[in-house]
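Every chain is numbered from 1 and lettered A, B, ... according to where its sequence line falls, protein lines coming before strand lines.
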There are 2 protein chains.
Amino acid sequence: MADKRFRDSSGKSLDDYPRPSVAVDTALLTVDPDRGLMVLEVKRDNTSGWGLPGTFLHPNERLADAVRRSLLHKAGVSGVEPHQWRVFDEPDRDDRGWVLSVAHWAVVPTERLASRLATQTRLVPVGSPGRLIYDHRLIIDAAVNHVRDCYRSEPDPEGLLDETFTMRELRLLHDTVLEHQLDRDWFRREMKAKLEATGTMSVGTRGRPAELFRRRSTPPRASRSS
Amino acid sequence: MADKRFRDSSGKSLDDYPRPSVAVDTALLTVDPDRGLMVLEVKRDNTSGWGLPGTFLHPNERLADAVRRSLLHKAGVSGVEPHQWRVFDEPDRDDRGWVLSVAHWAVVPTERLASRLATQTRLVPVGSPGRLIYDHRLIIDAAVNHVRDCYRSEPDPEGLLDETFTMRELRLLHDTVLEHQLDRDWFRREMKAKLEATGTMSVGTRGRPAELFRRRSTPPRASRSS
DNA sequence: CAAATAGTGTCTCTGAGACACTATCCG
DNA sequence: CGGATAGTGTCTCAGAGACACTATTTG
């Protein structure tokens with residue numbers, strides 16, 4: 001990249017142009033077994049209403065780090081692996097000035113939200129996110145589409161289940177994400193090839209014990225710690 | 001978006017943070033019937049070597065407009081509908097300072113490149129783009145993958161052919177883009193349902209005249225992002 | 001034992017892909 | 001006419017989906 005090739009025909013270079021502010025906004029989803037996909041919203045300061053968590057990019061900060069910081073500070077949520085979506089660049093989308101927003105999405109197991117700031121945040125079904133500005137509704141919809149796409153063919157790609165799980169647990173999760181019941185036989189055939197058998201069996205479950213599986217040994221998503 | 005919700009816990013607001021420079025870089029592809037997918041590179045000022053065309057975002061400019069401007073000024077190419085890909089945000093990726101780059105891709109019919117600045121630009125096969133910096137190679141690869149994905153199921157979604165065309169012309173284009181010969185029968189069955197028949201026939205072609213088709217009347221590409 | 005769930009075998013029917021045949025142009 | 005391409009009909013075989021049956025647990 002480097003060098004002067006960005007000088008335009010009038011000879012201007014890097015420092016001659018005003019710069020936009022850059023922000024990140026994130027649709028953080030989770031799965032409620034009963035209510036389906038849920039999105040986290042945060043109370044907006046000095047305003048009535050709710051919105052997606054976001055923040056301005058700090059100097060030399062990575063976008064993914066800004067996302068994690070905003071979720072931690074605004075919602076008390078950690079252990080997030082954000083996915084970048086797209087940049088919103090309408091010049092007048094923010095009345096404070098020229099602000100580009102890089103939209104992100106992420107999914108976490110519901111347990112990760114146990115620590116969330118109860119008065120500052122709320123979890124609502126993705127289908128009825130309340131009154132939000134245009135951008136934010138698009139981000140939620142894109143997040144939902146992405147997650148559904150992922151869960152159509154891969155076993156729990158976002159790691160919402162524990163390390164090992166039964167076929168039934170996996171299928172019920174996919175049922176919830178995709179909002180319709182998947183065929184039991186097809187699901188087993190399709191997913192078995194993409195999982196590792198552990199050899200051990202579930203105990204204490206109703207009915208015949210089921211074999212426990214684990215995700216194919218892709219290093220189970222780095223930075224999953226605290 | 002608006003409002004003070006971006007103030008962080010220390011009460012800082014929009015104007016208190018240094019801002020990054022924002023640039024756009026574009027992999028502009030075209031199809032050479034003999035050499036396959038080609039990418040346009042521009043000579044870099046004050047440096048030996050070639051790179052993808054790019055520019056800094058002007059005040060209040062849309063990203064897509066910056067892409068069009070850079071392609072027009074640096075390569076003499078017009079009529080481009082850019083697709084946004086992703087943001088490169090490594091803090092030290094540019095040695096002039098903190099520069100975010102929004103990568104884009106686009107495809108144009110080869111005729112559009114007739115006007116290009118011959119000494120300033122070159123067209124090279126996507127498989128051997130020469131020595132480029134890391135970012136740029138990724139952008140080219142992503143562009144190629146996107147284009148191939150598009151052409152797997154939809155008839156000439158990027159509008160590389162004229163308004164009407166024969167099945168054969170369409171299939172040869174897809175063959176070139178996908179780099180393997182598609183089955184004639186399958187291709188016809190699959191694509192016919194997604195095209196409009198014109199009723200008129202090709203003339204002057206070798207063999208039996210073929211029916212001319214046109215793309216389904218979707219308004220021929222309004223500004224789409226993402 | 002009844003209910004619930006796991007695991008496996010098998011049947012069917014659709015649709016992708018392959019092939020074949022006819023039609024119609026150019027030279 | 002011969003070569004090339006268009007257009008359409010038909011055959012086959014794999015795989016999705018449905019169904020059935022057995023196994024093994026809990027209550």
Side chains of B/H83 and B/E158, donor plus acceptor under 3.5 Å: yes

Distance in angstrom units between A/Q181 CD and D/dG17 C1', rounded: 15 Å

Sugar-phosphate, base or nothing in reach of A/R168, heavy atoms under 4.0 Å: sugar-phosphate

Most 5' of A/R208 and B/R188 on DNA chain D, judged by nearest nucleotide: B/R188

Gap between atom CG of A/L57 and atom CG of A/D65 - 0.5 Å precision: 9.5 Å

Distance-only donor-acceptor test, A/R189 side-chain atoms vs D/dG15 base atoms, 3.5 Å: no

Touch class at under 4.0 angstrom, heavy-atom based, for B/E211 against every strand present: sugar-phosphate

Integer-rounded Å distance: D/dA18 P and A/L182 CG: 11 Å

Rounded interatomic separation in angstrom, taking CG from B/L195 and C1' from D/dG7: 15 Å

Pairwise 5' ranking along DNA chain C for A/G207 and A/R184, keeping only the more 5' one: A/G207

Nucleotide of D/dT8, D/dG17, D/dA23 approaching A/W186 most closely (side-chain heavy atoms): D/dG17

Sub-4.5 Å side-chain heavy-atom contact between B/Q84 and B/V102: yes

Spacing of A/D183 atom CG relative to D/dA20 atom P, expressed in whole Å: 14 Å

Separation of C/dA6 C1' from A/M201 CE (nearest whole Å): 9 Å

Atom-pair distance (CD on B/E169; C1' on D/dA6), nearest Å: 13 Å

Sugar-phosphate, base or nothing in reach of B/T166, heavy atoms under 4.0 Å: nothing

Toward the 5' end of DNA chain C, by each residue's nearest nucleotide, A/R206 or A/M167: A/R206

Nearest-0.5 Å distance, CZ of residue A/R131 to NE2 of residue A/H136: 14.5 Å

Candidates B/E154, B/H180, B/M191 - the one meeting side-chain contact (heavy atoms from CB on, under 4.5 Å) with B/H174: B/M191

Below 4.0 Å: OP1/OP2 of D/dT8 and any side-chain N or O of B/K192: yes

For atom CG of A/D185 and atom P of D/dC19, their distance in whole Å: 10 Å

Atom pair distance, as rounded to whole Å: CZ in A/R171 and P in C/dT5: 9 Å

